[in-house]
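Here's the structure, in structure tokens; my notes come after.
Whatever order the structure lists ligands and atoms in, that order sets their numbers, starting from 1. Everything numeric in this text was worked out from a predicted model, so none of it was measured.
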Amino acid sequence: MSPARRIAQLREEIRTHDHRYFVLDHPIISDAEYDRLMRELQELEVAHPELVTPDSPTQRVGGAPLSSFPVVTHPVPMLSISNTYAAEEVVEFDRRVHEWVGPDAPPIQYVVELKIDGVAVSLRYQEGVFIQGATRGDGEHGDDITANLRTIRSIPLRLPAVHPALRNVEVRGEVYLPRASFEALNRLRAEQGESLFVNPRNAAAGSLKLLDSRLVAQRPLRLFVYSLLCDDEAAVEAAVPEMDSHYHRLQWLNEHGLPVNPHVRRVGSIHAALDYCDDWQARRADLPYDIDGMVIKVDPIRQQQRLGATLKSPRWVVAYKFAAQQAATRLKEIQLQVGRTGVVTPVAILEPIFLAGTTVSRATLHNEEEIRRKDIRAGDTVYIEKGGDVIPKVVGVDLSRRPSDSVPFVMPSACPVCGSPLVRSEEEVAVRCENLSCPAQVQARIEHFAGRNAMEIDGLGPAITEQLLRQGMVTDVGDLYTLTHEQLAALERMGEKSAENLITAITASKTRSLDRLIFGLGIHHVGERAARQLAEHCRTVEALRAASKEALETIPEIGPTIAESVVTFFQNARNREVIDKFRRAGVTMELPEGTGGSALGPLAGKTFVLTGVLARFTREDAAARIEALGGRVTSTVSAKTSYVIAGSSPGSKLERARQLGIPVLDEEEFEELIRGQGSGVRGQ
Ligand code: IVH
């Protein structure tokens with residue numbers, strides 16, 4: 001057989017197996033067999049590079065990372081859906097639909113779908129080939145994330161032969177991460193000392209934003225498609241009459257290899273639609289992915305067109321969202337948790353209970369006042385709720401089941417970890433442990449210091465940190481720099497190779513920029529932004545340590561609270577000792593000589609306000625570019641604003657800028673500025 005024929009055959013086979021695995025959830029060969037097919041194809045393509053085509057399964061993962069995503073304009077805006085939590089409002093929606101369609105229309109059929117809790121994307125097929133994928137963005141302009149979407153193997157790179165009227169289409173859907181993959185990803189990140197994603201949706205969104213598609217390929221993202229837009233609707237109507245129904249369009253997508261959620265149902269009345277929604281509300285935990293409600297759509301495309309849309313959302317669709325899920329369980333005890341800055345938070349330890357797909361055994365209680373207000377006691381049966389985020393809350397108590405001997409909660413007066421007296425600060429409800437060597441704080445401080453936005457020490461996760469503390473190898477972050485290979489290699493579950501990697505990572509962290517070091521110190525109230533300002537204006541740790549409260553307050557964005565906190569931090573002898581350890585180890589503690597603010601980005605210290613619509617950027621994109629260059633974006637124009645960026649149809653912000661005499665840049669000037677060509681502007 002000729003190499004060309006074999007290549008074609010392998011590609012077809014691999015596509016079929018991808019479809020079976022990722023869309024039908026029904027593989028018929030083992031992973032090893034699949035890998036063998038893939039390897040054979042790769043080898044043939046290496047030997048015959050002239051036969052490589054962009055739609056080959058080997059070409060899913062692209063080349064070098066991008067520096068940013070190009071902007072895509074959606075030919076049909078990606079609107080949102082009007083939401084409701086109340087069945088009566090769904091009935092009201094049905095009434096309005098009837099009113100709009102008119103009395104002579106046939107009875108209305110609805111299609112009911114799961115509302116997948118992920119990230120909306122659009123996929124463009126031109127001549128049957130997947131050519132572009134984009135995020136929703138602001139609805140009109142999104143990011144071009146084609147390379148990232150190509151890595152999702154349930155997305156066919158080419159549609160099978162179709163009617164000519166259906167070769168140029170846009171498919172929309174939701175990218176999501178199955179719950180099990182989300183948990184596995186977080187476990188891996190915890191081991192590697194990286195910050196955790198709060199829920200599968202954030203993990204999916206974060207993954208699609210990665211500029212390196214090779215990293216995206218390692219995240220097992222999935223997709224469900226839920227709509228088909230045809231470039232030439234008139235031709236489709238004439239040639240393929242059955243495409244006049246949303247339900248049939250979903251069937252068509254399914255038949256053409258795109259992943260349509262199997263739980264779609266067409267019903268003849270709004271009451272049947274609501275019943276189906278109730279079924280899923282009760283069964284949502286059985287699904288391997290998160291849904292946050294149901295979507296009810298008018299089925300006939302012609303009726304959809306007649307109903308049209310408001311500025312925000314189409315009139316033919318409504319989202320019936322699920323209320324937060326609740327469950328009742330017994331609160332075994334109230335424990336105290338000590339955070340990085342010593343803040344002590346009460347946590348409810350619960351009789352484990354299964355809720356919304358995970359087993360819950362802890363819930364936050366926020367603070368003492370909240371416990372008192374809700375009168376939550378150990379031994380109580382409490383209602384817990386999981387809202388949009390994964391950390392469950394205690395929302396109430398079933399007083400009828402309170403044990404007769406229960407007593408109100410009293411905040412202990414000593415730290416549960418080190419026994420130091422707890423201090424209540426005047427302006428906050430929080431209670432804190434002020435012992436800097438409290439092991440609970442040290443552990444959390446080291447994790448923060450090693451975190452991705454601080455000194456980024458890969459491989460220094462919670463488990464290793466705990467061992468280092470237990471063995472007395474470190475007492476604060478300064479000690480990390482005197483750890484030896486032998487010490488590390490002797491730890492549990494630590495081989496020669498990982499010890500070596502950790503030493504390399506620790507050494508590499510010595511040259512992180514000053515702002516990351518300052519952020520890493522974990523000074524109360526000093527976040528990344530404040531750390532950047534402090535670094536830019538003080539330029540050395542020495543100067544920061546010597547600065548008075550008044551001097552610090554003259555720095556932009558630094559108010560009395562941060563200034564006070566910095567001064568208090570350096571008054572503490574133990575903290576000064578940590579700085580001395582850094583010095584001895586050769587950690588970089590100043591901005592490089594001769595760099596202006598530019599070591600922090602050319603726009604450091606500049607504040608921007610965006611108004612109107614930009615043609616080539618979404619708002620988020622423009623803001624991200626500014627922030628990447630060290631600038632800041634705020635929403636109101638004031639005397640402190642450095643520039644207003646005005647797109648088309650700007651609002652009152654432009655007027656205000658003119659009144660205040662603040663420079664206004666149009667889109668082109670803004671582009672020049674971020675490309676670094678607007679030196680005139682930059683120097684101002
Ligand atoms: S239809 C204009 N169907 O929910 C209507 N959306 O809150 C187009 N979503 O932006 C959307 N599952 O990202 C539709 N089965 C489904 C959906 C769905 C999830 C998302 C979608 C949309 C958001 C609105």
Quiz item: Tell me: protein heavy atom nearest atom 16 (C) of ligand 1, and distance?
Solution: Tyr226 CD2, 3.4 Å

Practice problem: Please report which non-hydrogen protein atom sits nearest to atom 24 (C) of ligand 1, along with the residue it belongs to and the distance in Å to one decimal place. | Solution: Ile81 CG1, 3.5 Å

Quiz item: Does the N or O separation between Ile116 and ligand 1 drop below 3.5 Å for any pair?
Solution: yes

Practice problem: Kindly give the heavy-atom pair with the smallest separation between Ser80 and Ser313, and that separation in Å. | Solution: O-CB, 2.8 Å

Exercise. Assign the ring pair Phe130 / Tyr125 to parallel, tilted or perpendicular, where the plane angle (0 to 90°) is split at 30° and 60°.
Key: tilted

Quiz item: Touching ligand 1 at all, Pro314? Heavy atoms, strictly under 4.0 Å?
Solution: yes

Quiz item: Near Ala120, which atoms of ligand 1 are under 4.0 Å from a heavy atom of that residue?
Solution: 13 (O)

Quiz item: Is there a donor-acceptor contact under 3.5 Å from the side chain of Gln132 to the main chain of Thr146?
Solution: no

Quiz item: So does Arg302 pair up with Glu237, basic N to acidic O under 4.0 Å?
Solution: yes

Quiz item: Among all protein non-hydrogen atoms, which one is nearest to atom 23 (C) of ligand 1, and what is the separation to 0.1 Å?
Solution: Lys115 NZ, 3.8 Å

Practice problem: Of the side chain and backbone of Lys297, name the one, both, or neither that has a heavy atom under 4.0 Å from an atom of ligand 1. | Solution: side chain

Quiz item: Taking only heavy atoms of Leu114, which atoms of ligand 1 are found under 4.0 Å from at least one of them?
Solution: 12 (N), 15 (N), 16 (C)

Exercise. Measure from NZ or CZ of Arg306 to the centre of the six-membered ring of Trp100 and say whether it is under 6.0 Å with the direction within 45° of the ring axis.
Key: no

Quiz item: If you measure every N/O of Trp316 against every N/O of ligand 1, is any gap under 3.5 Å?
Solution: no

Quiz item: In ligand 1, which numbered atoms sit nearer than 4.0 Å to a non-hydrogen atom of Glu113?
Solution: 3 (N), 15 (N), 16 (C)

Quiz item: Under 3.5 Å between some N or O of ligand 1 and some N or O of Glu174?
Solution: yes

Quiz item: Where's the contact between Val119 and ligand 1, heavy-atom distance under 4.0 Å: side chain, backbone, both or neither?
Solution: neither

Practice problem: Salt-bridge test for Arg96 and Glu99: reply yes if a basic N is under 4.0 Å from a carboxylate O, no otherwise. | Solution: no

Self-check item: Ala328 versus Ile353, closest heavy-atom pair with distance
Solution: O-CD1, 3.3 Å

Self-check item: Reported NE2-to-OG1 distance for the pair His141 and Thr73, which is rounded to 0.5 angstrom
Solution: 5.0 Å

